[in-house]
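To start, the structure itself, in structure tokens.
Values in this document were obtained by computation on a predicted structure and should not be read as measured data. Read the numbers this way: they start at 1 and go in the same order the structure lists the ligands and their atoms.
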Amino acid sequence: MPASLCGTWEMISNVNFEGYMIALGISTYLRKIAMKLKLKKVIEQHGDKYVIKTISAFRTYSVSIRVDDEFEEFTKGLDNRHVKSLVRWEGKKLVCTQTGEKKNRGWTHWIEDGKLHLELHCEGQVCKQVFKKNVNE
Ligand code: VL7
């Protein structure tokens with residue numbers, strides 16, 4: 001089992017979030033709000049289930065997944081699309097493919113140097129976020 005993704009994580013960098021949001025068709029108005037947010041990830045594991053929460057002062061998004069088990073995801077409060085999502089381990093990386101209207105959509109999580117890394121991709125855009133562990137939570 002790779003290094004645990006579990007915990008409370010604070011965003012310390014966010015590269016090309018704007019490009020990723022443009023690819024998702026997010027309005028200029030929402031992008032401006034989103035760009036200012038300090039995102040937090042709370043990742044919990046319950047048996048073979050993961051819950052990943054993306055928390056901000058503006059909105060919170062939560063998804064429950066079972067590795068290797070395709071599910072219907074509704075990206076409520078994000079781009080509000082329905083996609084078919086599949087999460088798998090690829091070596092030490094937790095990889096999600098989100099099949100739907102947008103091509104080449106998904107994300108990858110991994111731990112590197114004790115930090116939580118996330119790559120979000122959609123069409124030609126890649127957003128890279130890094131989070132540091134919040135040891136107080
Ligand atoms: C989820 C947001 C921008 C709409 C609001 C911004 C609110 C806070 O997919 C994601 O995480 C995965 C992997 O950890 C688990 O779901 C990233 C945030 C991306 C895209 C959409 C702007 C409006 C942001 C919820």
Distance dump, ligand 1 polar atoms to protein, N/O, under 3.5 Å:
| residue | atom | partner | partner atom | Å |
| --- | --- | --- | --- | --- |
| ligand 1 | 11 (O) | K41 | NZ | 3.0 |
| ligand 1 | 14 (O) | K41 | NZ | 2.6 |
| ligand 1 | 14 (O) | H109 | NE2 | 2.7 |

- request: Could you tell me how the ring of W107 sits relative to the ring of H109: parallel (under 30°), tilted (30 to 60°) or perpendicular (over 60°)?
  value: perpendicular
task: Hey, can you tell me if H117 and W110 have their rings parallel, tilted or perpendicular (30° and 60° cut-offs)?
output: parallel
field: Side-chain donor-acceptor contact under 3.5 Å, K41 with T54
entry: yes
task: Sort out for me which residue in E72, E70, Q98 forms a side chain to side chain donor-acceptor pair (under 3.5 Å) with K84.
output: E72
- prompt: Does atom CG of D113 have more than 12 heavy-atom neighbours, drawn from other residues, nucleotides or ligands, at distances under 6.0 Å?
  reply: no
message: Under a 4.0 Å threshold between the charged nitrogen and the carboxylate oxygen, would E10 count as salt-bridged to K38?
response: no
